[in-house]
Amino acid sequence: MVVFEVINAAPLTEKVQSRQANIYLYRAMWLIGWIPPKKGILRYVYLFWTCVPFAFGVFYLPVGFIISYVKEFKNFTPGEFLTSLQVCINVYGASVKSTITYIFLWRLKKTEMLLDALDKRLQNDSDRQKIHDMVARCNYAFLIYSFIYCGYAGSTFLSYALSGRPPWSVYNPFVDWRDGFISLWIQAIFEYITMSFAVLQDQLSDTYPLMFTIIFRAHMDVLKDHVRNLRMDPERSEAENYQDLVNCVIDHKMILRCCDMIRPIISRTIFVQFLLIGSVLGLTLINVFFFSNFWKGVASFLFVITILLQTFPFCYTCNLLIDDADDLANTIFQSNWVDAEPRYKATLVHFMHHVQQPIIFIAGGIFPISMNSNISVAKFAFSIITIVRQMNLADQFQ
């Protein structure tokens, strides 16, 4: 038995669907309580479990952080406060993102139904190999996200608990960690479990856009191959060649429908992240540069990586998706159309005109989701660091 079998491309003798790119994603959703059974008594038991991560990760954590600042502010060291504050801001964003993702899960299901229809239009082993490779790539990416996100939570928990402090200093009305060794570890373990709910919910909200855009790019790649093969078989009639072109147009429209189906949820979740990334990244880097020892610095460094993973890979993939539209237009123009019949040429021109309109996602109807936008909002982090250096605030807080 191979561990993590789906991170390797399945052989062509096996049937693989695009929806299998989200095997690990949906397993994590099932684990956190987002995919209940359709019927039976277990559905109601499962719905109770659904409420538990939401109660702790979405409601308790944001409130617990604020109460902790009100009641315990004078007891925070600068490093502990920054560690808590950077996570607090991200927790508020994660609460909003995970709620949006959960509410719009039906859109992901509808998108997968459209992808099933696209899978039925694969023509040969080359097409199927692209889908097999994409499925393995998506599951592998999700696994990397899981290791990094869990690594952050685990490293923060251990680095602070072993130094005699709770990892995030979240308010707990039942336990005072200062009462002794046992109370400290009860508080630390409780915070770790609670934060794990929020981390997993945040991971799901951060990874689904990347998974689906990778799937869309794979189908765009398949479509480009189909366009290259237009009118290349001398044995096919002009009527059959025209039907091949029409099929390419239909494939492109189905990819656009997939993008339109998932666009509203991506717009909302990425907009929230764009609003937060600069401030969270800035606070984390200040903590790393001025207030962390080695092990706490490792935990903060992993947190920086998780913040960057929340938007940068997806924004990069969006840039590639825009480039795919340009490549597809060039492929259409370079296809074998010179001696085609007038009807074929007219349809080809119409197809090229629509393909030249790139697939663009807009965050909150304001920011085009791209590397340029991501870098622009992330630059705010360096503005915060510059202010801290120029005003010598780090020394004043020591």
Ion pair present between [X] and [Y], side-chain N to carboxylate O less than 4.0 angstrom?
X	Y	value
Arg128	Asp125	yes
Asp233	Arg236	no
Arg231	Asp244	no
Asp119	Arg19	no

So, using ring pair (Phe, Tyr, Trp, His ring centres under 6.0 Å) as the criterion, who are the partners of [X] when residues are at least two apart?
X	value
Tyr26	none
His350	His354
Phe157	Trp185, Tyr192

Item to check | Co-members of the apolar cluster containing Ile322 [side chain, <4.5 Å] | outcome: Ile360, Ile362
Checklist entry - Using 30° and 60° as the class limits, which term best fits the ring planes of His252 and Phe351: parallel, tilted or perpendicular? => result perpendicular
Does one side chain, of [X] or [Y], offer a donor that lies under 3.5 Å from an acceptor on the other?
X	Y	value
Thr194	Tyr60	no
Asn172	Gln187	yes
Glu72	Ser169	no

Next on the checklist: Can you pull out every ring-ring contact (aromatic ring centres under 6.0 Å, His included) where at least one residue sits in residues 194-230? Sequence neighbours excluded, please.
Outcome noted: Trp49-Phe197
Checklist entry - Got a sec, which pairs hit salt bridge (Lys or Arg N to Asp or Glu O under 4.0 Å) with one end in residues 186-205, sequence neighbours left out? => result Lys97-Asp202
